[in-house]
Amino acid sequence: MYKFDFSGKVALVTGAAEGLGKEFVQTIAEQGADVAMCDVQDEKGEATAKELVELTGKKIKYWHCNVGREEEVVKMVSEVVAEYGKIDMLVNNAGRLTYGPIEEYSFEQWNDVIQTDLTGPWLCSREVVKQSMMKNGGGKIVCISSVAGQYGTPAGCPSYHAAKGGVLGLIKGLAVEYAQYGVLVNGVGPGTILNGGMTSRSKVASNPDTHKKGRCPLKRAGDFGELSGAVIYFLSDENSFTTGQNIMIDGGTTSAL
């Protein structure tokens, strides 16, 4: 699909059992990298790894990891480095979303989403930089943000808006702090993407009529591959001077009133 050369490089993709994470594993491997992938959906994760090994011919292995739990992240990154020798690229994709009226939204719901969607990218970035990138002269990190980090909705997911808004700040902070180690940190923010895990499970979001009547100027949802181009560029050697940025892949949604 793309023609960047990732030969000899190793990537780690979180939340990779299905949806966008699976897409990123495939497209990164198609550029020539070996890929480590993690998720909490073990059956799907193992099946995805097997499928993409057969499709791409690259080394792709699955790890169980809840990215919101420090001990699991430290262990997973250590095992990936031991298996592959290094981690050159990290895609912080793992995410969780729960709905409920704000006055009824529980602390457990709030904390669960914040731990996965905001604490997770920080933990994974910290460990990958500490255990590999600092020692190897640099690397690339991409955090998957969201249009939900830039505007609110009455849908009943306050923790998701808060977490994704936090990811935008995290990208800036990590980019400035990690520049001294040659690590470039950027973000890609999806609008509604049909092969995203959350969208694919929503009859409303996956209905074309929803987008024809919605605020997206292109009047459609995104599809497979339409997010990967930006991710691949940010991870590539061709990106040598862009850090701390977030690009929205949303059909113009965040540009419309």
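Once rounded to the nearest 0.5 Å, the distance linking CG of Leu12 with CD of Glu127 reads 11.5 Å. The distance from atom CZ of Phe6 to atom CD of Glu30, rounded to the nearest 0.5 Å, is 11.5 Å. Note that CG of Asn93 and SG of Cys124 are 11.0 Å apart. Values are rounded to the nearest 0.5 Å. With values rounded to the nearest 0.5 angstrom, Asn66 atom CG is found 5.5 Å from Thr116 atom OG1. Rounding to the nearest 0.5 angstrom, the gap separating the CD atom in Gln41 from the OH atom in Tyr62 is 7.5 Å. In this structure, CE on Met76 lies 11.5 Å from CE on Met37, to the nearest 0.5 angstrom.
At distances below 3.5 Å, not a single donor-acceptor pair connects side-chain atoms of Gln31 with backbone N or O atoms of Asp5. Not one N or O on the side chain of Ser228 forms a donor-acceptor pair closer than 3.5 Å with the backbone of Phe24. Thr14 contributes a side-chain N or O that, together with a main-chain N or O of Ala94, makes up a donor-acceptor pair within less than 3.5 Å. A donor-acceptor pair under 3.5 Å is formed between the side chain of Lys164 and the backbone N or O of Ile144. Side chain of Ser146 to backbone of Gly149: no donor-acceptor contact under 3.5 angstrom is found. With Gln109 contributing its side chain and Ser106 its backbone, the two residues share a donor-acceptor pair below 3.5 Å. Formation of a donor-acceptor pair under 3.5 Å by the Thr48 side chain with backbone atoms of Ala17 is found in this model. Judged by distance alone, with hydrogens and angles left aside, the side-chain atoms of Asn186 form no donor-acceptor pair with the main-chain N or O of Phe234 at under 3.5 Å. With hydrogens and angles disregarded, no donor-acceptor distance shorter than 3.5 Å links the side chain of Ser78 to the backbone of Val74. Judged purely by atom type and a 3.5 angstrom limit, Glu23 uses its side chain to pair as donor or acceptor with the backbone of Gly225.
Cluster membership check: Trp122 shares its hydrophobic cluster with Val73, using side-chain heavy-atom separations under 4.5 Å among Ile, Leu, Val, Met, Phe, Trp and Tyr. Under the 4.5 Å side-chain heavy-atom criterion for ILVMFWY residues, a single connected hydrophobic cluster contains both Trp63 and Leu123. Follow the hydrophobic side-chain contacts under 4.5 Å out from Ile247 and you never reach Val147; the two are in separate clusters. No path of Ile, Leu, Val, Met, Phe, Trp and Tyr side chains, each step under 4.5 Å between heavy atoms, connects Ile114 with Leu168, placing them in separate hydrophobic clusters. By the criterion of side-chain heavy atoms lying less than 4.5 angstrom apart, applied directly or through intervening Ile, Leu, Val, Met, Phe, Trp or Tyr residues, Phe4 is grouped together with Val35 in one hydrophobic cluster.
Nearest heavy-atom pair, Gln26 versus Phe224, reported as atom, atom and distance to 0.1 Å: OE1-CZ, 3.8 Å. Heavy-atom minimum distance, Ala230 versus Val188: CB-CG2, 4.0 Å. Pairing each heavy atom of Ile171 with each of Gly187, the nearest pair is CD1-CA, 3.5 Å. Listed here is the closest heavy atom pair of Ile28 and Ile232: CG1-CD1, 3.8 Å. Among all heavy-atom pairs drawn from Leu52 and Lys22, the shortest one is CD1-O, 3.8 Å. Between Thr253 and Pro217, the shortest heavy-atom distance links the atoms N-CD, 3.7 Å.
Every side chain to side chain contact (heavy atoms under 4.5 Å, CB included) that Lys50 has, sequence neighbours left out, goes to Glu54. Legend: residues meeting salt bridge (charged side-chain N to carboxylate O under 4.0 Å, His left out) with Lys59, ordered by chain and number and at least two apart, are Glu83.
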Full working for side-chain contact (heavy atoms from CB on, under 4.5 Å) between Ser125 and Asn92 = CA-CA 8 Å; Ser125 298; Asn92 285 311; 3.0 Å; yes

inquiry  = For a salt bridge (Lys or Arg N to Asp or Glu O under 4.0 Å) check, start with the C-alpha distance between Arg96 and Asp112, then their side-chain angles and the critical distance, and finish with the verdict.
reply    = CA-CA 8 Å; Arg96 191 181 298 274; Asp112 186 46; 3.3 Å; yes

ask   = Checking side-chain contact (heavy atoms from CB on, under 4.5 Å) for the pair Ile87/Val77: CA distance, chi angles, key distance, verdict?
value = CA-CA 9 Å; Ile87 299 173; Val77 172; 4.1 Å; yes

ask   = Can Val231 and Thr27 be said to form a side-chain contact (heavy atoms from CB on, under 4.5 Å), step by step?
value = CA-CA 9 Å; Val231 173; Thr27 52; over 6 Å; no

Derivation and outcome, side-chain contact (heavy atoms from CB on, under 4.5 Å), residues Met133 and Met89 = CA-CA 9 Å; Met133 292 181 178; Met89 302 174 283; 5.6 Å; no

task = Apply salt bridge (Lys or Arg N to Asp or Glu O under 4.0 Å) to the pair Glu70 and Arg126, showing each step before the final yes or no.
result = CA-CA 10 Å; Glu70 183 177 27; Arg126 186 192 74 180; 2.9 Å; yes

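Within 6.0 Å of OH in Tyr99 there are 12 or fewer heavy atoms belonging to other residues, nucleotides or ligands. In this structure, Glu43 places its CD atom where only 12 or fewer heavy-atom neighbours from other residues, nucleotides or ligands lie under 6.0 Å away. Residue Leu55 places its CG atom among more than 12 non-hydrogen atoms of other residues, nucleotides or ligands, all under 6.0 Å distant. Heavy-atom neighbours of Arg69 CZ from other residues, nucleotides or ligands within 6.0 Å: at or below the threshold of 12.
In this structure the side chain of Asp250 never reaches within 4.5 angstrom of the side chain of Cys216, judged on heavy atoms. Using a 4.5 Å heavy-atom cutoff, the side chains of Pro190 and Ile249 are not in contact. Under the 4.5 Å side-chain criterion, counting only non-hydrogen atoms from C-beta, Tyr233 is in contact with Thr242. A 4.5 Å side-chain heavy-atom check between Val185 and Val142 finds every atom pair outside the cut-off. For the pair Thr98/Val113, a side-chain contact is recorded, criterion being any heavy-atom separation below 4.5 Å from C-beta on. Side-chain contact between Leu90 and Lys140 is absent, with no heavy-atom pair separated by less than 4.5 Å. Within the 4.5 Å cutoff, the side chain of Val183 has heavy atoms near those of the Ile141 side chain. Considering only heavy atoms from C-beta on, His64 comes within 4.5 Å of Val40 through its side chain.
Note: Tyr181 and Tyr178 have tilted aromatic rings, judged against thresholds of 30 and 60 degrees for the angle between ring planes. Relative ring orientation between Trp110 and Tyr105 is described as perpendicular, the plane-to-plane angle rising above 60° on a 0-90° scale split at 30° and 60°.
Contact check on Glu71 versus Lys75 returns no salt bridge, with no Lys/Arg side-chain nitrogen under 4.0 Å from an Asp/Glu carboxylate oxygen. Asp237 has a carboxylate O that lies under 4.0 Å from a charged side-chain N of Lys9, or vice versa, which qualifies the two as a salt bridge. Glu79 and Lys61 are not joined by a salt bridge, as no carboxylate oxygen comes within less than 4.0 angstrom of a charged side-chain nitrogen. Salt bridge annotation for Asp39-Lys44: absent, with no cationic side-chain nitrogen under 4.0 angstrom from a carboxylate oxygen.
Side chains of Gln150 and Thr254: a donor-acceptor N/O pair is absent below 3.5 angstrom, by distance only.
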